[in-house]
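Numbering of ligands and ligand atoms starts at 1, following listing order.
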Amino acid sequence: MRSPIPDYLIEVLEGVASNRSGAPAGYIPELAAADPEQLGAVFATVDGEIYGAGDIDAEFTIQSISKPFTYALALADRGFDAVLAKVGVEPSGEAFNEISLESGSGRPLNPMINAGAITTHSLIGSAELDSAERLERVVAGLSAFAGRRLAIDESVCTSELENAYRNLAIAHMLRSHDILTEDPTTVVAGYTRQCSLLVTARDLALMAATLANRGVNPVSGEQVVPESVIRQVLSVMATCGMYDAAGDWATQVGIPAKSGVAGGLIGALPGQIGIATFSPRLDPHGTSVRGVSLFERFSADMGLHVMEVPAAARAVMRSNHVVGTGADAVRVLRLQGGLRFAGAERVVREAVDIESAEARVALDLTMVYSVDDVARRMLLEVVRRLALDGRSVYVVDPESMLGDPDTGDGRVIVVSDLADARAADQP
Ligand code: DON
């Protein structure tokens with residue numbers, strides 16, 4: 001069978017291809033010369049499957065899409081406190097190149113606007129690195145997100161640097177507030193080189209999928225940044241990634257995202273996929289016009305909005321029934337799916353309702369595919385309390401999801417099959 005997903009992508013690209021509104025970025029002359037007809041879209045799943053249509057291997061510069069990734073590197077290298085001391089996490093509601101600094105401290109409002117990203121660039125690696133070493137850390141880090149060594153487009157970089165008056169103004173403001181502690185010109189040069197890294201839509205989808213996959217590149221398997229960093233990065237993308245269009249984006253698309261003025265656009269849907277689109281004509285926010293349309297379609301067609309309410313927690317209770325009769329009877333709570341707090345709470349409730357006369361209880365996790373830490377602790381407590389009440393408890397856990405529930409009194413038996421437990425423990 002042929003996968004329907006590439007066909008879907010082709011159909012959606014055809015739907016937006018006739019939209020020729022907007023224009024390639026004009027303030028970087030080399031970008032203004034881009035072929036405006038280029039169009040591509042890629043889905044990369046968190047287990048490394050890639051689906052694409054259109055110009056998915058055409059190279060263009062990453063521009064502002066570098067920002068969430070360098071933020072991740074800075075958080076990993078310097079820690080949260082050091083980065084938060086210099087760059088906030090509040091949406092600015094202003095354009096990407098506004099001098100949006102906190103009054104008094106001069107701290108940029110967030111790392112997605114240029115002021116925050118220039119500062120973030122200066123926080124990558126240890127404080128001892130010189131500018132060349134820092135840039136190498138940026139290139140190596142972003143390359144690890146992409147799963148291949150990325151190169152810099154020198155002509156785009158030169159073109160931007162020759163016209164970097166606004167970023168230089170921002171950097172000098174940052175230096176005046178001691179947010180930057182180095183020469184502003186050197187930091188802007190490094191930041192501009194970071195923005196000039198060449199990527200394809202395929203690279204960007206994998207980079208986004210690495211965010212969606214807790215910092216692990218789904219193809220190379222490399223843990224690029226610690227998992228703890230990812231929630232921070234995705235949160236900031238969700239609230240600030242689309243600048244002064246962040247609210248519209250949050251309501252209409254609802255995927256943590258970042259745009260770039262070369263026409264790239266990424267979205268990272270936690271635990272599901274990374275998405276990238278490429279089309280150089282931009283709207284007044286500096287975001288790809290067709291990219292926005294594509295994401296609106298993807299979100300609506302595929303139910304990808306992060307605020308889409310998932311199936312109710314009760315779905316984790318597959319059944320609650322008794323097998324056997326008389327003294328041989330076992331109350332079986334059969335669970336299914338992925339367990340988090342709300343699902344575990346359902347199990348707690350079912351366990352509380354078990355009659356005290358029922359002496360044998362089984363918690364069957366055969367159909368459970370994931371248990372997060374909170375749910376695990378709650379289920380272990382259910383097992384412990386059932387045993388403390390004097391019952392025999394069987395934990396049917398063929399894939400060892402729950403860990404060791406041993407209460408030390410032999411009342412809890414872990415088995416891989418309920419029939420084994422019943423046979424081995426005839427009263
Ligand atoms: O600093 C700049 O202006 C560019 N290197 C990047 C701006 C950008 O991509 C804004 N996002 N849409």
Side-chain angles (χ1 to χ4, degrees), residues 22-32 34 60-71 87 91-100 108-122 135 138 142 150 152-174 180 184-199 201 204 207-208 236-237 240-246 248-249 253 256-267 276-292 295:
Y27 75 103
I28 302 174
E30 196 69 15
L31 293 186
F60 54 95
T61 50
I62 190 167
Q63 299 298 341
S64 287
I65 302 170
S66 60
K67 293 169 180 174
F69 301 100
T70 50
Y71 186 51
V87 185
S92 67
E94 294 185 307
F96 65 88
N97 54 5
E98 266 318 309
I99 308 183
S100 304
L109 287 195
N110 69 68
M112 301 293 111
I113 53 172
N114 286 9
I118 290 167
T119 308
T120 302
H121 179 88
S122 77
L135 184 69
V138 171
L142 267 61
L150 302 176
I152 290 169
D153 185 325
E154 295 295 345
S155 49
V156 171
C157 183
T158 306
S159 177
E160 179 163 2
L161 272 177
E162 282 169 1
N163 297 275
Y165 308 114
R166 201 167 174 97
N167 283 342
L168 285 167
I170 291 171
H172 279 90
M173 282 296 288
L174 292 168
L180 288 185
T185 313
T186 308
V187 180
V188 169
Y191 161 77
T192 308
R193 293 184 80 70
Q194 162 194 319
C195 290
S196 303
L197 279 167
L198 282 165
V199 287
L204 288 180
M207 295 173 82
V236 170
M237 286 170 72
C240 313
M242 301 305 277
Y243 314 120
D244 44 341
D248 277 342
W249 182 271
V253 178
K258 189 73 211 74
S259 59
V261 288
L265 182 54
I266 63 163
T277 62
F278 171 50
S279 171
R281 290 195 193 89
L282 307 181
D283 67 14
H285 304 289
T287 300
S288 168
V289 174
R290 288 160 162 177
V292 172
F295 268 86

Trainee: Do P184 and L174 have side chains that get closer than 4.5 Å, going by heavy atoms?
Mentor: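 Result no, sub-4.5 Å side-chain heavy-atom pair not found.
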Trainee: Checking contacts here: is it the side chain or the backbone of N167 that comes within 4.0 Å of ligand 1, counting heavy atoms only? Could be both or neither.
Mentor: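 For N167, the contact with ligand 1 is made by the side chain alone.
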Trainee: For ligand 1, which atoms have a heavy atom of Y243 less than 4.0 angstrom away?
Mentor: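 Every atom of ligand 1 under 4.0 Å from some heavy atom of Y243: 10 (C), 11 (N), 12 (N).
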Trainee: Who's the nearest protein heavy-atom neighbour of atom 1 (O) of ligand 1, and how far?
Mentor: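 Ranked first by proximity to atom 1 (O) of ligand 1 is Y191 OH, 2.6 Å.
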Trainee: In a check of side chain to side chain contact (heavy atoms under 4.5 Å, CB included) between L197 and each of V156, L142, D153, which one passes?
Mentor: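 Passing option: L142.
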Trainee: Look at the aromatic rings of F60 and F278 and report parallel, tilted or perpendicular, splitting at 30° and 60°.
Mentor: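 The arrangement is parallel - the two ring planes meet at less than 30°.
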Trainee: Can you tell me which portion of V261 lies within the under-4.0 Å heavy-atom range of ligand 1? Options are side chain, backbone, both, or neither.
Mentor: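 Both backbone and side chain.
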Trainee: Taking N or O atoms only and a 3.5 Å limit, does T287 qualify as a polar contact for ligand 1?
Mentor: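 The answer is no, given that T287 and ligand 1 share no N or O pair closer than 3.5 Å.
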Trainee: Quick check: does G286 get an N/O under 3.5 Å from an N/O on ligand 1?
Mentor: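 There is such a contact, yes.
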Trainee: Have a look at ligand 1 and work out which part of C195, if any, has a heavy atom under 4.0 Å from it: side chain, backbone, both or neither.
Mentor: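 Side chain only.
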Trainee: Assess the residue pair I62 and M207 against the criterion (side-chain contact (heavy atoms from CB on, under 4.5 Å)); give the C-alpha distance rounded to whole Å, side-chain angles, the decisive distance to 0.1 Å, and a yes or no.
Mentor: CA-CA 11 Å; I62 190 167; M207 295 173 82; 4.0 Å; yes
Trainee: Need the ligand 1 atom indices (1-based, order shown) with element for anything under 4.0 Å from a heavy-atom of G260.
Mentor: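 Listed by number with element: 9 (O), 11 (N), 12 (N).
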Trainee: With distance as the sole test, does H172 use its side chain to make a donor-acceptor pair with the main-chain N or O of L168 at under 3.5 Å?
Mentor: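 Indeed, once roles are kept as given, a pair shorter than 3.5 Å links the two residues.
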Trainee: With a 3.5 Å distance limit and no angle check, can you tell me whether T287 reaches the backbone of D283 through a side-chain donor-acceptor pair?
Mentor: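 No; judged by distance alone, with no hydrogens or angles, the pair does not exist.
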Trainee: Tell me whether K258 contacts the main-chain N or O of G241 through its side chain, where contact means a donor paired with an acceptor under 3.5 Å.
Mentor: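 Checked: pair present.
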Trainee: Would you say N114 has any N or O atom under 3.5 Å from an N or O of ligand 1, going by distance alone?
Mentor: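 Min N/O separation from ligand 1 is below 3.5 Å for N114.
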Trainee: Is any side-chain heavy atom of M112 closer than 4.5 Å to one of V236?
Mentor: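 Yes; the side chains approach each other to less than 4.5 Å.
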Trainee: Within a distance under 4.0 Å of any heavy atom of Y27, pick out the atoms of ligand 1 and give their elements.
Mentor: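 It comes down to these atoms of ligand 1: 2 (C), 3 (O), 4 (C), 6 (C), 7 (C).
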Trainee: Salt-bridge test for E160 and R193: reply yes if a basic N is under 4.0 Å from a carboxylate O, no otherwise.
Mentor: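 So E160 does not pair with R193 through a salt bridge.
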Trainee: Tell me which protein heavy atom sits closest to atom 7 (C) of ligand 1, plus the residue, atom name and distance to 0.1 Å.
Mentor: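 Minimum-distance protein heavy atom for atom 7 (C) of ligand 1 reads S64 OG, 2.9 Å.
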Trainee: One residue to check: E160. Relative to ligand 1, which of side chain, backbone, both or neither has a non-hydrogen atom less than 4.0 Å away?
Mentor: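 Side chain only.
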Trainee: S259 versus ligand 1: do any nitrogen or oxygen atoms come within less than 3.5 Å of each other?
Mentor: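 S259 vs ligand 1: N/O contact under 3.5 Å present.
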